[in-house]
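One structure is given here, and the rest of the page talks about it.
Sequential numbering from 1 along the given sequence is applied to the chain's residues.
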Amino acid sequence: MTSKTTFALIGGGLIAPLHAKYIQSSPTCELVAIVDPFPPGQKLAESLSVAHYASVSDLVAASPQQPDVYIICVPSGLHVKLATEVLTATTATAAKPPRAILVEKPFCTDVASGEALIKLAKDRGCSLAVGHHRRFHPAISAAKAAVAGGRLGKLTAMSGVWTCKKNDGYFSLRWRVSRSQGGGPVWTNFIHDADVLQYLVGARVVRIWVTGTVSRRDHHGHHRANEGGGDDDGAAAKQRQQQPGASDDDDIEEGAAIVMQFANGVVGTFVMNDNVASPYGWEAATGDMPSFPKADVPIDCYRIFGTVGTISVPDDVLWTYDLAEAARRDQEVGWAVPMTREVLDFEKKHPFQLQIEHLVRVVEGKEEPRCSGQDGLDAVKVCEAVIEALVKGDGYPIDIR
């Protein structure tokens, strides 16, 4: 009988139960530990009948047989710190390092620390993956295959959107109102879009232009006075006192409009905002996060334009010219010829399930990480550039190296 691939979760918050669900439902995986000093992690471990540890060092000290895979699912500002702790703790005790570490997005909150983690993992012989799970969504895989198969011809442009309305209660957690701790729609949400767009286009973003959207709430999530509900200056002041980690210099953005240039010449636009009533974003389009309802009709949030066809994602509608009709009309292929609408078929598996299955193959040496540490770092670089452009506010382009 083949032994199972063992997993440990670092952090027991919002995303951890989803990882745990698909680890425990897989016949080839076993969840052996949850590491979290706080009550949510302990409660999750108890509910799943899994060993609980307050720290990585406690887990490492408890057994020389370390988990094959660690999944780091803590607040963004702690990703590099905890992944580094896993690698250094095993080094210090001569325990065997994990075969792989999956770091949730964003991979890091600054480029230098991300580069240091990539080097450390390489030195320890540990595969480093980043939790941009959209790469595993069947709709993304089908769109990627269509691009790779030449069904769009030569790519020329793309457009994207991520819009929703975060409720005020969302901002009760301190890190969510602090840009430096990974809060705000750039680090929390657009980081996913930055990765998947580079994945679909097949090239890095090398230059951006950015302008911020008008702000409708203060940086603690409370609506500004007299905008849809009266004056809440007192509530905002109280919230400000409760959140000392968020200074005026650390204000989170509300949204932005972005123009992007990719290394292969493709250009694109993207609009994001977390304070508008809209279903046009990944979560509503796919329903792959249980806490967010799916739109009741198919919608898209990305469009990729090529010389032969255009695809929208994740509804995966491919538009191409009807060559037979062009021939029948004896017309040159172009705008005077009707287009054919084709909905691509794909399997209905959850991306977290596919990501877990992929990690097993990475441990077995059958595959390289689909989203590597470098891929994760490339998405971080885009987000850093967006933040830099928002802070400058001068409209000039930012080059990304």
Side-chain angles (χ1 to χ4, degrees), residues 4-32 34 44 47-48 50 68-73 100-107 129-146 162 164 188-189 191-193 195-197 199-200 279-302 311-317 343-364 366-367 369-372 375-376 379:
K4 293 184 177 183
T5 301
T6 55
F7 287 76
L9 297 180
I10 311 295
L14 182 65
I15 206 71
L18 199 55
H19 283 298
K21 173 183 177 180
Y22 289 104
I23 292 169
Q24 292 195 317
S25 66
S26 171
T28 62
C29 301
E30 181 181 4
L31 180 61
V32 297
I34 293 176
L44 179 63
S47 69
L48 299 175
V50 172
D68 297 313
V69 183
Y70 280 81
I71 298 180
I72 311 296
C73 42
I101 295 177
L102 175 75
V103 180
E104 269 298 346
K105 63 82 203 171
F107 174 55
V130 182
H132 285 293
H133 65 274
R134 292 184 195 176
R135 289 194 179 208
F136 295 90
H137 195 286
I140 296 294
S141 297
K144 180 72 171 176
W162 182 87
C164 77
T188 306
N189 308 106
I191 184 77
H192 273 305
D193 301 299
D195 174 71
V196 79
L197 290 174
Y199 180 61
L200 287 174
Y280 290 100
W282 180 263
E283 292 81 8
T286 62
D288 69 358
M289 298 297 287
S291 52
F292 302 109
K294 183 180 180 180
D296 58 6
V297 296
I299 59 174
D300 66 280
C301 54
Y302 310 128
I311 190 169
S312 58
V313 184
D315 58 347
D316 277 21
V317 175
V343 180
L344 302 185
D345 188 31
F346 52 80
E347 59 181 344
K348 300 301 189 290
K349 281 190 173 183
H350 196 284
F352 272 68
Q353 177 187 355
L354 295 169
Q355 183 175 243
I356 291 297
E357 293 171 357
H358 166 71
L359 286 172
V360 172
R361 294 191 293 274
V362 169
V363 167
E364 294 173 344
K366 296 178 180 178
E367 294 181 9
R370 183 174 299 183
C371 186
S372 67
D375 293 329

Are the side chains of [X] and [Y] in touch, meaning some heavy atoms are under 4.5 Å apart?
| X | Y | result |
| --- | --- | --- |
| Lys349 | Ser141 | no |
| Ile140 | Leu200 | yes |
| Ile71 | Ile356 | yes |
| Phe7 | Leu9 | no |
| Asp375 | Arg135 | yes |
| Phe136 | Gln353 | no |
| Val130 | Asp195 | no |
| Leu31 | Leu48 | yes |

Atom pair [atom1]/[atom2] of [X] and [Y] - distance to nearest 0.5 Å:
| X | Y | atom1 | atom2 | result |
| --- | --- | --- | --- | --- |
| Glu367 | Glu357 | CD | CD | 10.5 Å |
| Gln355 | Cys371 | CD | SG | 8.5 Å |
| Asp68 | Ile101 | CG | CD1 | 12.0 Å |
| Ile72 | Ile15 | CD1 | CD1 | 14.0 Å |
| Ser25 | His350 | OG | NE2 | 10.5 Å |

Atom of [X], atom of [Y] and distance for their closest heavy-atom approach:
| X | Y | answer |
| --- | --- | --- |
| Cys29 | Val360 | SG-CG2, 3.4 Å |
| Gly11 | Ala16 | O-CB, 3.3 Å |
| Pro279 | Ala284 | O-CB, 3.1 Å |
| Ala142 | Leu344 | O-CD1, 4.0 Å |
| Val362 | Ala100 | CG1-CB, 4.4 Å |

Apply side-chain contact (heavy atoms from CB on, under 4.5 Å) to residues Leu359 and Thr5 and explain how you reach the verdict.
CA-CA 9 Å; Leu359 286 172; Thr5 301; over 6 Å; no
Less than 6.0 angstrom from the centroid, inside 45 degrees of the normal: does Lys348 satisfy that with respect to the ring of Phe346?
yes
Please list every donor-acceptor pair under 3.5 Å in which a side-chain atom of residues 287-300 meets a protein atom from a residue at least two apart or in another chain.
{"from": "Asp288", "atom 1": "OD1", "to": "Thr286", "atom 2": "OG1", "distance (Å)": "3.3"}
{"from": "Asp288", "atom 1": "OD2", "to": "Trp282", "atom 2": "NE1", "distance (Å)": "3.0"}
{"from": "Asp300", "atom 1": "OD1", "to": "Arg303", "atom 2": "NH2", "distance (Å)": "3.3"}
{"from": "Asp300", "atom 1": "OD2", "to": "Arg303", "atom 2": "NE", "distance (Å)": "3.0"}

I'd like to know whether Val363 forms a side-chain contact (heavy atoms from CB on, under 4.5 Å) with Val69, so could you lay out the CA-CA distance, the side-chain angles of the two residues, the decisive distance to 0.1 Å, and finally the verdict.
CA-CA 8 Å; Val363 167; Val69 183; 3.4 Å; yes
So does Lys144 have more than 12 non-hydrogen atoms from other groups sitting under 6.0 Å from NZ?
yes
Check the orientation of His132 and His192. Use parallel for under 30°, tilted for 30 to 60°, and perpendicular for over 60°.
perpendicular
Taking Asp193 first and then Arg134, would you say they form a salt bridge - that is, a charged N and a carboxylate O separated by under 4.0 Å?
yes
Residues pairing under side chain to side chain donor-acceptor pair (under 3.5 Å) where one sits in residues 9-20, two or more places apart or in two chains, turn out to be His19-Glu104
